[in-house]
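Since the structure comes first, as structure tokens, the remarks are kept for the end.
Labels below follow one simple rule: chain letters A, B, ... track the order of the sequence lines, proteins then strands, and each chain is numbered from 1. Since the structure is predicted, the reported quantities are computational estimates derived from the model, not experimental observations.
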There are 2 protein chains.
Amino acid sequence: MPAKKTLFSALEIEKRLSEAGVQPTAQRIALCRYLLCEADHPTADEIKKWADLNFPKISMATVYNTLKALVDAGILKEFKFPHSDSAVYDCNTSVHYHFLDEKTGELFDIAPEAVNLSVKLQDKFKVTEIQVLFRGRKK
Amino acid sequence: MPAKKTLFSALEIEKRLSEAGVQPTAQRIALCRYLLCEADHPTADEIKKWADLNFPKISMATVYNTLKALVDAGILKEFKFPHSDSAVYDCNTSVHYHFLDEKTGELFDIAPEAVNLSVKLQDKFKVTEIQVLFRGRKK
DNA sequence: ATATTTGCAAAGCCTTTGCAGGGGA
DNA sequence: TCCCCTGCAAAGGCTTTGCAAATAT
């Protein structure tokens, strides 16, 4: 079951893009409707497949350009996980962790509240971010 | 500073490979001298570069074949981290975490004792492995 | 009018594969 | 002998880039 998503209108998306300094072109708005409302950790390829059905003639280059623009603008986060060569994109930009189902390759967001993490690294290590990946099997 | 390494002799390496069920060919022994004694999270490419200097005429295919054999035999662990498309190989096969220096790309092993991690995931998530990556800057 | 964005194709990087020749058990 | 290993070159998957045409401000 994918995470619950808010349904943004094209106008809301346009506003959000503008405010983030991203030119709200038709292609970018279309992709955002998928990325922000529907998708759950999609790969560039899955995004392209969706676009082919819903907004014909977006090129792969535009998909990647758009993803880069959205990541740079802080609207998306890009993740790369060890089980796949493809990056996935997450509209959940707040701190959280992930669970990977080894069998299906499915990813699930894990709220930071579920994890108690305290660390005592040597002083020389200045940590700015911690990524945690739980691997296993989901029932 | 790379982690301290044991210096194995060719004979010791040969024994270890045999015991792990890996045919100890000249190329594999050579690569192991680097992987087990010298290298610190090398990529396939770095391994190849070392080989070009120290054991001319090992092909990239053999490097990858050897790495796969060693990983399958449990002698190495393969890791993929988000900052790079290249896999890295770690002769530390026990449970441990990593610190990534964002500036240099250098990786450091973090002992599990330095990390206190307790998790309360929903029952449906059966966790078999946890990967933790600390990102930041090393002084 | 000027700067961005788009789409196509080509190139790039990392890794795997097919296959013929070679070496170890 | 037989099977595994090696090396080369080619192919594969994902992403980036160059460039001309189209679009936005």
Those residues that, when tested against F134(A), pass ring pair (Phe, Tyr, Trp, His ring centres under 6.0 Å) (two or more places apart):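 Counting only residues at least two positions away or on another chain, F134(A) forms no ring pair (Phe, Tyr, Trp, His ring centres under 6.0 Å).
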T25(B) or S86(B), whichever maps to the more 5' nucleotide of DNA chain C: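 Between the two, 5'-proximity favours S86(B).
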D101(B)/R137(B) ion pair, N-O < 4.0 Å: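 So D101(B) pairs with R137(B) through a salt bridge.
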Salt-bridge present (E106(A), K124(B); N to O < 4.0 Å):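 Looking at K124(B) together with E106(A), the answer is no, because their closest N to O distance does not fall below 4.0 Å.
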Ring pair (Phe, Tyr, Trp, His ring centres under 6.0 Å) pairs, two or more places apart, involving residues 6-29 of chain A: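 Checked against ring pair (Phe, Tyr, Trp, His ring centres under 6.0 Å) - neighbours excluded - no pair reaches residues 6-29 of chain A.
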Interface polar pairs with nucleotides 2-4 of chain C, N/O, under 3.5 angstrom:
{"residue": "dT4(C)", "atom": "O3'", "partner": "Q23(A)", "partner atom": "NE2", "Å": "3.4"}

Residues touching DNA chain C, which here means a heavy atom under 4.0 Å, drawn from residues 60-84 of chain B: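 Those residues whose heavy atoms fall under 4.0 Å from DNA chain C, taken from residues 60-84 of chain B in numerical order, are A61(B), Y64(B).
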Listed partners of Y89(B) passing side chain to side chain donor-acceptor pair (under 3.5 Å), at least two apart: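 Residues passing side chain to side chain donor-acceptor pair (under 3.5 Å) with Y89(B): E78(B).
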Whole-Å gap separating [atom2] ([N]) and [atom1] ([X]):
X      : N       : atom1 : atom2 : value
D45(B) : dT16(C) : CG    : P     : 14 Å
I29(A) : dT6(C)  : CD1   : P     : 11 Å
D85(A) : dT16(C) : CG    : C1'   : 11 Å

Ring geometry between F99(A) and F125(B) (parallel below 30°, tilted from 30 to 60°, perpendicular above 60°):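 Geometry flag for F99(A) against F125(B): tilted rings.
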Whether F81(B) and F79(B) hold their rings parallel, tilted or perpendicular, with breakpoints at 30° and 60°: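 F81(B) and F79(B): parallel rings.
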Of all pairs that satisfy side-chain hydrogen bond (donor to acceptor under 3.5 Å, both in side chains), the ones with a partner from residues 26-35 of chain B, not counting sequence neighbours: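 For residues 26-35 of chain B: none.
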Start and end of the DNA chain D segment that chain A contacts, any atom under 4.0 Å from a heavy atom: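 Contact span on the strand: dC14(D) to dA24(D).
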Shared-cluster residues of Y64(B), by chain and number - hydrophobic side chains joined below 4.5 Å: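 Its cluster mates, by chain and number, are M60(B).
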Residue pairs, two or more places apart or on separate chains, that pass salt bridge (charged side-chain N to carboxylate O under 4.0 Å, His left out) and touch residues 58-68 of chain B: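 Qualifying pairs, neighbours excluded: K68(B)-D72(B).
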Pairwise salt bridge (charged side-chain N to carboxylate O under 4.0 Å, His left out) hits with a residue in residues 79-92 of chain B, at least two apart: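 Residue pairs with at least one partner in residues 79-92 of chain B: K80(A)-D85(B), D85(A)-K80(B).
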Touch class at under 4.0 angstrom, heavy-atom based, for A87(A) against every strand present: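 Since only primed, P, OP1 and OP2 atoms lie under 4.0 Å of A87(A), the category is sugar-phosphate.
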Pairing residues for E12(A) by the salt bridge (Lys or Arg N to Asp or Glu O under 4.0 Å) criterion, not counting sequence neighbours: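 With neighbours one apart ignored, the set is empty.
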Exercise: do S118(A) and N116(A) side chains pair donor with acceptor under 3.5 Å: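 The answer is no; no qualifying pair exists.
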Overall bend - the helix from dA1(C)-dT25(D) to dA25(C)-dT1(D), comparing terminal axes fitted on five pairs, nearest 10 degrees: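 Axis-to-axis angle, ends of the helix: 30°.
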